[in-house]
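Each remark here refers to the structure printed beneath this line.
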Number of protein chains: 2
Amino acid sequence: MNNEPKNKHDFDSAPSLDQARRQLARYSLDVDAQAVLVAARLMEAGAKLGSAAEIHFGRFGLSTGRYRLLAELETNDGELLPSQLADNLGVTRATVTGLIDVLERDGLVSRRKSMQDGRQKAVVLTEAGASKLRDMAPEHFMRLEAMVSSLSLEERSVFLSLLGRVTEGISALTDEKKDVQANSKKR
Amino acid sequence: MNNEPKNKHDFDSAPSLDQARRQLARYSLDVDAQAVLVAARLMEAGAKLGSAAEIHFGRFGLSTGRYRLLAELETNDGELLPSQLADNLGVTRATVTGLIDVLERDGLVSRRKSMQDGRQKAVVLTEAGASKLRDMAPEHFMRLEAMVSSLSLEERSVFLSLLGRVTEGISALTDEKKDVQANSKKR
DNA sequence: GAAAAGTAGTTAGGCACCATACTACGTGCA
DNA sequence: TGCACGTAGTATGGTGCCTAACTACTTTTC
């Protein structure tokens with residue numbers, strides 16, 4: 001046909017330790033290159049996983065966000081308020097509105113006005129929605145397992161623990177001003 | 001009253017092992033819950049890190065993509081072709097065009113027509129661009145280091161290695177059809 | 001009981017990224 | 001020499017998420 005399909009990120013990218021060292025040396029910064037590398041690799045892994053997940057869920061006619069919403073409904077007896085969904089999924093209410101719009105159009109969820117509170121509209125998982133989750137479950141979870149299949153049980157445990165600690169550290173990127181001088185021990 | 005994910009994702013969310021187990025039990029799937037948890041947590045960490053990075057770079061008037069482009073230019077003597085940038089950054093040429101548009105408007109890079117090949121336009125890091133990188137380097141790298149400061153050197157090394165293996169496994173999500181088990185139904 | 005303040009959901013507009021399709025230029029091959 | 005074909009960069013339109021502002025409905029307060 002026409003151009004190159006580039007569908008598969010080669011993503012060799014993988015920044016190297018040397019690269020990090022050179023970057024730090026350029027400005028004579030007293031920072032551990034390994035630390036910078038961890039940050040860069042994690043960011044890269046996150047981006048890669050995110051786009052892979054979109055492809056994965058796309059096979060079922062869903063996006064990552066819409067799948068997560070459906071799954072969240074499923075684990076809560078098939079009914080939640082949009083604001084609860086927003087909380088549980090860690091996205092804004094506005095985003096939830098958008099997700100529901102599409103899911104409702106596709107018949108996977110429906111909106112039902114609440115009687116107790118006229119402002120609320122419960123989101124309900126339809127039979128089609130439950131069925132969609134049921135159908136995709138085997139392949140979905142198999143693929144997730146395959147993703148980490150190269151790690152032993154022990155390693156998975158270690159990885160989870162380390163990942164958890166790094167995840168907590170992410171706030172270091174967003175925290176208010178910290179002094180950039182010699183002091184690097186904070187929190 | 002602060003349970004809105006404002007600019008500061010509290011992101012308590014953190015799916016639990018029990019949650020994963022329940023999900024698997026619902027469909028009687030023979031999948032390791034720990035594996036599912038690793039996948040979920042990594043995806044979450046990636047999303048969280050991504051948005052934190054946007055906030056972080058936003059402080060300097062940049063986005064993650066634009067910063068990466070500038071840094072890539074810097075490590076290549078301040079000059080590259082858009083297609084090389086796309087390759088190195090792992091994004092499409094179209095995305096690079098957009099990044100350059102903004103960076104050029106802000107005076108951080110400039111486009112220069114190539115003389116060898118009339119189709120090419122080299123992207124050049126301007127003095128303002130180099131200066132921007134220089135100015136933000138201390139805070140930027142300090143924050144990166146702070147992010148992983150709770151890990152020892154040894155742990156960082158382990159984490160990198162495990163992360164690398166998981167990253168390779170991500171292709172399990174996008175591969176055509178897996179055959180990890182005797183499973184092949186629909187489609 | 002009515003204005004003020006708070007809350008639920010939606011709308012509007014923006015950013016980053018993508019796939020697709022287009023223009024301009026270069027190259028291979030008859 | 002000529003012209004199809006490949007390649008570099010760009011424009012267009014779509015997705016997913018965001019913030020901020022809006023509407024509609026409570027709840028509070030006097």
**Study point:** Per B/Val91 side chain, nearest of listed nucleotides D/dG9, D/dG16, C/dC17
**Key:** C/dC17

Point to revise | Any A/Arg93 side-chain N or O less than 4.0 Å from OP1/OP2 of C/dT7 | key: no

Review point. Got a salt bridge between B/Arg143 and B/Glu139, using NZ or NE/NH1/NH2 to carboxylate O under 4.0 Å?
Key: yes

**Study point:** Rounded distance in Å - CZ (B/Arg68) to C1' (C/dC17)
**Key:** 12 Å

Check your understanding: Taking the nucleotide of DNA chain D with the closest heavy atom to each, which residue, B/Ser83 or A/Lys113, is nearer the 5' end?
Key -> B/Ser83

Review point. What's the closest nucleotide to the A/Ala94 side chain, out of D/dT19, D/dA8, C/dA16?
Key: D/dT19

Revision key, fill the gap. Assert: residue with more 5' nearest nucleotide on DNA chain D, out of A/Arg66 and B/Lys121, is B/Lys121

Point to revise | Nearest listed nucleotide, side chain of B/Gln120, among D/dT19, D/dA8, C/dA19 | key: D/dA8

**Study point:** Nearest-0.5 Å distance, CZ of residue B/Phe57 to CE of residue B/Met136
**Key:** 5.5 Å

Practice item. Report the nucleotide, chosen from C/dT11, D/dG9, C/dG26, that has the shortest atom-to-atom distance to any side-chain atom of A/Asp101. Key: C/dT11

Review point. From the list C/dT10, D/dG9, C/dG9, which nucleotide is the closest neighbour of the side chain of B/Leu81?
Key: D/dG9

Point to revise | 5' priority, DNA chain C, between B/Thr64 and A/Ile100 [closest heavy atom] | key: A/Ile100

Check your understanding: To the nearest angstrom, how far is A/Ile55 atom CD1 from C/dC17 atom P?
Key -> 16 Å

Practice item. Step by step, work out the side-chain hydrogen bond (donor to acceptor under 3.5 Å, both in side chains) result for B/Gln84 and B/Asn88. Key: CA-CA 6 Å; B/Gln84 294 173 317; B/Asn88 297 353; over 6 Å; no

Point to revise | Whole angstrom value for the distance that separates C1' of C/dA16 from CG of B/Leu99 | key: 8 Å

Check your understanding: What does B/Ser63 touch in the nucleic acid at a heavy-atom separation under 4.0 angstrom: a base, only the sugar-phosphate, or nothing?
Key -> sugar-phosphate

Check your understanding: If you take all heavy atoms of B/Met147 and A/Ala172, which pair is closest and at what distance?
Key -> N-CB, 3.8 Å

Exercise for review: Give the rounded distance in Å between these two atoms: CD of B/Glu54 and P of D/dT19.
Suggested key: 12 Å

**Study point:** Length of the CE-P vector between A/Met43 and C/dA16, whole Å
**Key:** 15 Å

Exercise for review: Can you tell me the distance, in whole Å, between the CG atom of B/Leu89 and the P atom of C/dA16?
Suggested key: 14 Å

Check your understanding: Would A/Asp106 and A/Lys132 pass as an ion pair if we require N to O under 4.0 Å?
Key -> no

Review point. So what does A/Thr95 touch, heavy atoms closer than 4.0 Å: a base, only the sugar-phosphate, or nothing?
Key: base

Exercise for review: Rounded off to whole Å, could you give me the CG-to-C1' distance for the A/Leu62 and D/dT15 pair?
Suggested key: 14 Å

Point to revise | A/Leu49 CG to C/dC17 C1', straight-line distance once rounded to whole Å | key: 16 Å

Review point. Could one point to a donor on the side chain of B/Arg119 or the base of D/dG9 with an acceptor on the other under 3.5 Å away?
Key: no

